[in-house]
> 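After the structure tokens below, expect a handful of questions from me.
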Amino acid sequence: MGFADLPRIVSSSDSLRAEAALAEVLHRQRQILENLQESVLTLDLEGYITGWNQGAEELFGYRADEAIGRNVLFLYADDGAVEDESDDPPIPGRREFDVRRRRKNGEIFWAGMQLALLRDEHGQPSGLIGYLRDVTQRREAEESLRLHARIFELADEAIIVTDANHRIIAINPATSRITGFASDEMLGRSQAMFRCEHYDDEFYNALLAQVEETGRWQGELWTRRKDGEIYPAWVSIAAVHNRRGVVTHYFSVCADIAERKRTEGRIQHLAFYDALTNLPNRVHLHRLLDQALTEAERKGRGGALLFIDLNRFKPINDTLGHGVGDQVLQEVAARLRNSLRGADVVARLGGDEFVIGLFEIAQPDHVSLVAHKILQALSPPMLVGAHELSVGGAIGISVFPENGSDPETLLRLADIAMYRAKETGPDTFEFYTPEMNERATERLAIEAGLRRAISRGELLLVYQPKVSLVTGQIIGAEALVRWKHPERGMVPPIEFIPLAEETGLIVQISHWVLEEACAQARRWQDAGLAPVRIAVNLSARDFSPALPSRVVSLLSDQGIGSEWLELEITEGMLMNRTDAVIAMMAEITKTGVTLALDDFGTGYSSLSYLKRFPIHTLKIDRSFVINIPHDSDDCAIAGAIAGMGSQLGHSVIAEGVESLEQVEFLRRHGCDEIQGYLFSPPVAPEKFEAMVREGKCLQ
Ligand code: C2E
Ligand code: MG
Ligand code: MG
């Protein structure tokens, strides 16, 4: 407090006299003090307490004999709290200062303190007198007022105080920020200035009536900004009453929730719409269908669900990558949307599956027209990057109310019909019929039967010879699986391989096929047959890192050389994880087992791309061979594959060769081998062995 700064007036020469005078003064002061209600204490110029009245005793808890003679510093709080705004020490004779002091019991409190200078009879300063009172309560009240004012100033929400007649009397800075009005444009006006025409007077009257009745209202309100924009706000209005219960003020707190709503909207959108195509997703489709079906039922209307599966999407996605696949899906979505009316629902279920809901169908046969229109929309090739791609689709249709009236049933039946359309395909549509359900049940039965087929020994291999176009001799065979079903007879692979791939059963089937082909090779070797390459077809799932070591152990288990085995893979297997795939293929070919690329030309890989893979043979797909020599496009494709394939060092084989004309053409274009019904269909192993032994030759 700076007593040390006050000039000392007591000098050594006249100290005795001065002390006597001082004692007299102090005595008088003490008498005064004792009679005072206020807390009063006196100090000498060095800050030592010389007087202490009853009030001081009550305020600090120290008795006079405990306080007098001690330096006043022992009463200081020293708790680091800021005392008064000014940095200066309290100066005698000036206003009251708020200071922090400590009671005997350790409690710290705010004291209002006034100081006055005491003088001796010569008018010289002799000490200080301090008047103190406990102002803790006042300080706290002031503090909380200050805090409230700060909150009012700093709040992000608009805070508006009105009088009992809803005239605005106070607003915080956020109000201007949110509404766009300057404060003088708001003060004095009615709070109704923020109303928007979304609500009528009746609404606002009811709202105010509730505030009147219950003291508050809270809810979401559309509100008007100065520029006319209507925005959503979370508003809470409360009435302020006086002691007699009469409303004196209202205050409203309004949070601008436009941004939050936008974010919520975006999140909502992500949950219900497919991010790639922006079409409703599966979840949202179910909701839309629920609503539309209820509505259709109420109005006695019918409609249809179209389940679309793209036809050639998988090879595009597998061979050209997901980036291209994504663009194709986006283009498909746009084409579907453009070929339908606004009231029709288009959704993407995932993958290459789309669903269309038609709810405004005037006549049942209009559904066929729409299905036709969609197929037409999907048919023109789409240009993605440098690729010209054509997808097309298979459409299954269920109609309501005939086939059902809930989304699940209708979707399931449309899906079943779609499977049938795929089989009839390529680009076609089918209406669901109860017989299809039988087919679907049959599929399930096939699946169950297939699970048992291996253990019951119902699978067998047939062998189709591969013939050299140079020598005319058999140089190998393709092993093709058959299922000898106890009731259905011989089932071709096309009826169970895709199903096995879907269900994962293919892994066990391939395992069996590889083992059986190697075992057969061993039997032929034992029978003295010179090695012929047996080609085994693999599915994408089989092409795993475990494959090379499996091949090696199969060969050594059977004790046959690698010149007995070839693996047929398809383009799709090459496109993902290219480096890992190349390493795996290299490991396989290192053993001497060769790799053939089956169905070549149906994917989208280019010949130069294939140069990177250690492939021995390209198999020209049957679809290009079938129309040789009549279709000039097919001739050109088959010719190009044969020519470029051999230039790049691959051996080229054509599959599905049925005529001598085809052989002629292929031979001329540099094709090395053929396989097809012309020479022989797939046959039992004994028959194949006989052909080899008798040296059956291509004429
Ligand atoms: P793929 O590998 O392209 O086999 C050639 C298919 O064409 C065989 O049908 C064969 O019988 C048939 N084919 C051969 N020459 C001719 C011909 O001159 N004209 C006609 N119209 N067809 C001919 P298959 O045996 O029905 O096999 C169909 C497909 O099933 C195979 O196509 C292959 O993708 C798959 N597959 C067959 N066996 C297996 C197997 O063991 N494992 C795996 N993963 N797939 C297999
Ligand atoms: Mg094959
Ligand atoms: Mg093939």
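Ligands are counted one by one from 1 in listed order, and the atoms in each one are counted from 1 as well. Note that the structure is predicted; figures quoted are calculated from it, not measured.
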> Is there a polar contact, in the sense of an N or O pair closer than 3.5 Å, between Asp542 and ligand 1?
no
> Give the minimum heavy-atom separation between Ser646 and Val652, together with the two atoms involved.
N-CG2, 3.9 Å
> Quick check: does Gln675 get an N/O under 3.5 Å from an N/O on ligand 1?
no
> Measuring from Leu336:CG to Leu378:CG, what's the distance to the nearest 0.5 Å?
5.5 Å
> List ligand 1 atoms under 4.0 Å from Glu658, heavy atoms only on the residue side.
17 (C), 18 (O), 19 (N), 20 (C), 21 (N)
> Find all atoms of ligand 1 within a distance of less than 4.0 Å from any non-hydrogen atom belonging to Val481, and give their numbers and elements.
38 (N), 39 (C), 40 (C), 41 (O)
> What is the minimum heavy-atom distance between Ser468 and Ile475, and which atoms define it?
N-CG1, 3.8 Å
> Give me the one residue out of Arg622, Glu655, Lys466, Gln464 that meets side-chain hydrogen bond (donor to acceptor under 3.5 Å, both in side chains) with Gln675.
Gln464
> Answer with yes or no whether the side chains of Arg522 and Gln525 bring together a donor and an acceptor at under 3.5 Å.
no
> Any heavy atom of Ile494 closer to ligand 1 than 4.0 angstrom?
no
> When you measure from the centre of the six-membered ring of Phe679, is the NZ or CZ of Lys696 under 6.0 Å away and within 45° of the axis?
yes
> Look at Glu686 together with Arg693 and state whether they make a salt bridge at an N to O cut-off of under 4.0 Å.
no
> In terms of atom number and element, which parts of ligand 1 are under 4.0 angstrom from non-hydrogen atoms of Val657?
18 (O)
> Relative to the heavy atoms of Glu655, which atoms of ligand 1 are at a distance of less than 4.0 Å?
3 (O)
> Please determine whether any non-hydrogen atom of Ser510 lies less than 4.0 Å from an atom of ligand 1.
no
> Mark up the atoms of ligand 1 that fall under 4.0 Å of a heavy atom belonging to Ser539, in ascending order.
44 (N)
> Nearest N/O/S atom of Glu478 with respect to the Mg ion (ligand 2), by atom name, please.
OE2
> Can a non-hydrogen atom of Glu501 be found less than 4.0 Å from any atom of ligand 1?
no
> Tell me whether ligand 1 is touched by Arg482 - counting only heavy atoms on the residue side and a distance under 4.0 Å.
yes
> Report yes or no: does a heavy atom of Pro682 sit under 4.0 Å from some atom of ligand 1?
yes
> Considering the heavy atoms of Gly676, write down every atom of ligand 1 situated less than 4.0 Å from one of them.
15 (N), 18 (O)
> Salt bridge between Glu408 and Arg412, side-chain N to carboxylate O under 4.0 Å?
no
> If I consider every N, O or S atom in Glu568, which one ends up closest to the Mg ion (ligand 2)? I only need its name.
OE1
> Which atoms of ligand 1 sit under 4.0 Å from any heavy atom of Asp599?
3 (O)
> Taking 4.0 angstrom as the limit, do Lys314 and Asp352 come out as a salt bridge?
no
> How about NE2 on His286, more than 12 heavy atoms from neighbouring residues, nucleotides or ligands closer than 6.0 Å, or not?
yes
> Between Glu515 and Arg550, is there a side-chain N and carboxylate O pair less than 4.0 Å apart?
no
> Check Glu501 with Arg541, please: is the shortest side-chain N to carboxylate O separation under 4.0 Å?
no
> Looking at Val513, which atoms of ligand 1 are within less than 4.0 Å of one of its heavy atoms?
41 (O)
> Could you grab the angle centred on the Mg ion (ligand 2), going from OD1 in Asn537 to OD2 in Asp598, to 10°?
90°
> Test of understanding: given a 4.0 Å heavy-atom threshold, classify the contact between Gln464 and ligand 1 as side chain, backbone, both, or neither.
side chain
